[in-house]
Amino acid sequence: MRIATFNVNGINTRLPNLLQWLEAERPDVVCLQELKADQHAFPLAALEAAGYGAVWQGQRSWNGVAILARGATPVLTRRRLPGDPDDAQARYIEAAVDGVLVASLYLPNGNPRPGPKFDDKLAWFERLIAHAAELMAAGVPVVLAGDYNVVPTEADIYPGHREKENALLAGQSRSAFARLVDQGWTDALRQRHPEGRLWTFWAYLHQRWPNDKGMRLDHLLLSPNLAFRLTEADVSRDVRGKAGASDHAPAWLVLGPETRRRGARKPKASA
DNA sequence: ATGACCGTACGATACGGA
């Protein structure tokens, strides 16, 4: 089972790139962020023609998240992160696909720091940590995938950067991410590649892509009852190099088949 | 560095993004 996360930066403008990538990699589950499209402007017909069902939470101009499933429609469980009834931004959606609970999330950027936007980022993070703790306690097989807008460590950004004030690298952002992971989640990309570059984002400005000056912002966290099935994880860097690309590349993982329990045959997981 | 690049909504410019 191949699960990917991709900040598309405008799903309608990016539709040709998205469809090309779906056709090339055929992921089973896809978490999308930054749809930048109203609920009614989601390109469902084009995605269905490509073989995918979808649930999504749209928003005009900004934000917007979706979950796609190949050959199925994800079973929606939430379209809001609990904890703040006044939060009107489309930054979280959650659905069940083939026995796995999948969350597609888009954390607030938080810049400039300090300021109210950074405070909002930390508040959203606390809500995510609280909800993740509930999912963990419930023992559900979960993948929390998306654009966390956090560079977890200095190994996750190009050397020589001068981003001291950036909310993506701030100690409070990093410690919040660490507290989340420390609940027992597995950071799938780092698990498979303990060393080396795993950039998922290269800014449009400053020749960042040609110079390979990127950051790792997009993460897939696995609950323990899925982490043991992790066989592969990586970033599809080539997607970032295409004409008309998003400033993010897809990150993905592969879960191997479930182990068969004695006396209980389980359906074979799809590759 | 009031810069750049990109998508959106708007309407020929402003804002958000990271």
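Every chain is numbered from 1, with letters handed out A, B, ... down the list of sequences.
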Span that lies between the [atom1] atom of [M] and that of [N], in whole angstrom:
{"N": "dA1(B)", "M": "dG16(B)", "atom1": "P", "answer": "22 Å"}
{"N": "dC10(B)", "M": "dC5(B)", "atom1": "P", "answer": "25 Å"}
{"N": "dA4(B)", "M": "dT13(B)", "atom1": "P", "answer": "14 Å"}

So, using salt bridge (Lys or Arg N to Asp or Glu O under 4.0 Å) as the criterion, who are the partners of E154(A) when residues are at least two apart?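 Here the qualifying residues are R174(A).
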Within the side chain of N211(A), is there an N or O that forms a donor-acceptor pair under 3.5 Å with the backbone of Q207(A)?
->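 Confirmed, N211(A) side chain pairs with Q207(A) backbone.
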Please list, chain by chain and in numerical order, all residues satisfying side-chain hydrogen bond (donor to acceptor under 3.5 Å, both in side chains) with [X], sequence neighbours excluded.
{"X": "R60(A)", "value": "none"}
{"X": "D120(A)", "value": "none"}
{"X": "N109(A)", "value": "N111(A)"}

Its contact letters, B for base, S for sugar-phosphate only and - for none at protein heavy atoms under 4.0 Å, make nucleotides 9-18 of chain B read SS-----SSB
**Asked** Would you say the ring centroid of W21(A) lies under 6.0 angstrom from that of F6(A)?
**Response**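 They qualify: ring centres under 6.0 Å apart.
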Exercise. Between Y148(A) and F125(A), what is the ring plane arrangement, given parallel below 30°, perpendicular above 60°, and tilted in between?
Worked result: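 Ring orientation, 0 to 90° scale: tilted.
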Tell me whether the rings of F42(A) and W56(A) are parallel (<30°), tilted (30 to 60°) or perpendicular (>60°).
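Answer is parallel, since the angle falls under 30°.
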Task: Residue whose nearest DNA chain B nucleotide is more 5′ - G244(A) or H206(A) - done: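 Its nucleotide being nearer the 5' end, the pick is H206(A).
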Residues within residues 13-23 of chain A bordering DNA chain B, heavy-atom distance below 4.0 Å:
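Correct list: T13(A), R14(A).
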